Amino acid sequence: MARTPLIAGNWKMNVDHVAAVSLVQQLDAALVRDEHDQEAAEVVVLPPFTDLRSVQVLVDGDDLMVRYGAQDVSAHEPGARTGEIAAGFLARLGVRYVTVGHSERRTHHHEDDATVAAKASAALAAGITPIICVGEDLAVRQDRRHVEHVVAQVDGSLDGLSADQVAGSVIAYEPVWAIGTGEVATAADAQEVCSAIRQRVVALHGDDVGERVRVLYGGSVKSSNVAELMEQVDVDGALVGGACLDPEEFARIAGLARS
Ligand code: PGA
């Protein structure tokens with residue numbers, strides 16, 4: 001079964017709600033000019049929470065092709081959780097995707113696999129597709145323990161999700177040593193781990209779920225390396241940080257990712 005490639009641009013804590021408008025307009029204009037087809041490669045932006053309303057109004061009002069998501073979500077129902085954002089609130093804003101367990105949240109906010117699984121579950125319950133992030137740091141890679149490390153993160157981060165929920169989720173392999181460093185994993189490195197992730201999903205939930213789940217690579221993806229990454233059989237797309245802040249570059253990446 002063919003999996004639609006997904007190219008997701010993680011804005012991180014860049015771009016306020018005013019600047020978001022022109023970034024989304026420029027990206028959409030570039031995609032229209034390039035005759036981009038969202039069925040051939042889905043293009044999604046992941047702005048900060050405060051930008052989402054502006055992005056929603058723009059996308060709905062002007063019928064833009066760009067889709068959007070969020071960078072985090074609460075694991076909890078609405079209630080006494082100061083500072084958190086419930087999945088239902090995001091769904092009402094038309095959010096389709098949310099990253100959970102990005103390495104910056106695992107590192108700076110001490111999120112563990114159980115928290116990541118709970119957030120993924122909350123997103124799915126609200127009809128939002130979680131992009132579940134996993135990846136090893138440099139020390140683990142140097143010890144050659146990266147596959148077992150990532151597979152353990154997959155086990156923990158998918159814990160409690162049903163087979164159908166896993167099939168409808170996205171898993172992003174982002175080696176921490178390649179994020180924002182310019183140090184891209186080789187296509188073979190990406191394939192090795194993305195394949196191990198899919199095999200683990202097959203072991204947990206069977207062939208059909210393994211065929212359906214989308215596995216992304218992230219870490220210094222650019223237009224100069226995305227084509228080779230996308231040629232790998234188990235790489236279904238990219239989670240792009242720095243390069244997505246340039247709309248022309250991000251549109252180029254999207255064009256090169258078409259199936
Ligand atoms: P990068 O970030 O493309 O800037 O390496 C990727 C990410 O953190 O999602």
Side-chain angles (χ1 to χ4, degrees), residues 5-15 19-20 23 27 41-49 51-52 66-73 95-111 116 119-120 123 128-138 140-141 146 149-150 153-154 157 169-187 189-191 193-194 197 214-230 232 235-257:
L6 173 63
I7 302 296
N10 178 6
W11 291 7
K12 307 193 178 184
M13 197 171 70
N14 297 295
V15 190
L23 181 50
L27 173 61
E42 205 181 342
V43 180
V44 171
V45 294
L46 306 168
F49 288 131
D51 300 9
L52 287 172
V66 170
R67 296 172 182 168
Y68 54 92
Q71 298 171 19
D72 188 27
V73 64
V95 160
R96 292 180 189 234
Y97 290 93
V98 63
T99 47
V100 293
H102 188 279
S103 70
E104 287 150 19
R105 298 217 51 97
R106 290 180 186 264
T107 304
H108 304 306
H109 301 272
H110 312 293
E111 292 189 6
V116 175
K119 289 184 171 191
I128 297 172
T129 301
I131 301 174
I132 300 164
C133 303
V134 293
E136 81 285 356
D137 64 20
L138 188 58
V140 171
R141 162 71 53 169
H146 49 283
H149 178 90
V150 169
Q153 283 184 318
V154 167
S157 305
S169 297
V170 176
I171 302 174
Y173 168 53
E174 295 207 302
V176 178
W177 47 271
I179 295 177
T181 57
E183 192 73 46
V184 65
T186 65
D189 289 338
Q191 168 58 20
V193 182
C194 290
I197 291 170
R214 286 186 288 179
V215 182
L216 312 184
Y217 168 79
S220 299
V221 173
K222 306 185 248 330
S223 57
S224 57
N225 57 31
V226 71
E228 198 188 353
L229 289 161
M230 292 299 300
Q232 310 307 307
V235 177
D236 303 319
L239 185 51
V240 183
C244 79
L245 298 175
D246 173 349
E248 288 295 331
E249 171 67 355
F250 194 48
R252 265 194 300 277
I253 292 170
L256 289 161

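Ligands are counted one by one from 1 in listed order, and the atoms in each one are counted from 1 as well. Just so it is clear, the model here is predicted, and its values are computed rather than measured.
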N or O contacts of ligand 1 with protein under 3.5 Å, please list pair by pair.
| unit_1 | atom_1 | unit_2 | atom_2 | d |
| --- | --- | --- | --- | --- |
| ligand 1 | 2 (O) | Lys12 | NZ | 3.4 |
| ligand 1 | 3 (O) | Ser220 | N | 3.4 |
| ligand 1 | 3 (O) | Gly241 | N | 2.8 |
| ligand 1 | 4 (O) | Gly242 | N | 2.9 |
| ligand 1 | 5 (O) | Gly180 | N | 2.6 |
| ligand 1 | 5 (O) | Ser220 | N | 2.8 |
| ligand 1 | 8 (O) | Lys12 | NZ | 2.7 |
| ligand 1 | 8 (O) | His102 | NE2 | 2.7 |
| ligand 1 | 9 (O) | His102 | NE2 | 3.3 |
| ligand 1 | 9 (O) | Glu174 | OE1 | 3.3 |
| ligand 1 | 9 (O) | Glu174 | OE2 | 2.7 |

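- Glu249 contributes no side-chain N or O that, together with a main-chain N or O of Leu245, makes up a donor-acceptor pair within less than 3.5 Å.
- The closest donor-acceptor contact from the side chain of Arg106 to the backbone of Cys133 lies under 3.5 Å.
- Checking Glu174 against His102 by side-chain atom types alone, a donor-acceptor pair falls below 3.5 Å.
- Taking CG of Asp51 as the reference point, atom OH of Tyr68 lies at 12.5 Å (rounded to 0.5 Å).
- Asp72 places a side-chain heavy atom less than 4.5 Å from the side chain of Phe49.
- Closest heavy-atom contact between Ala187 and Leu229: CA-CD2, 3.9 Å.
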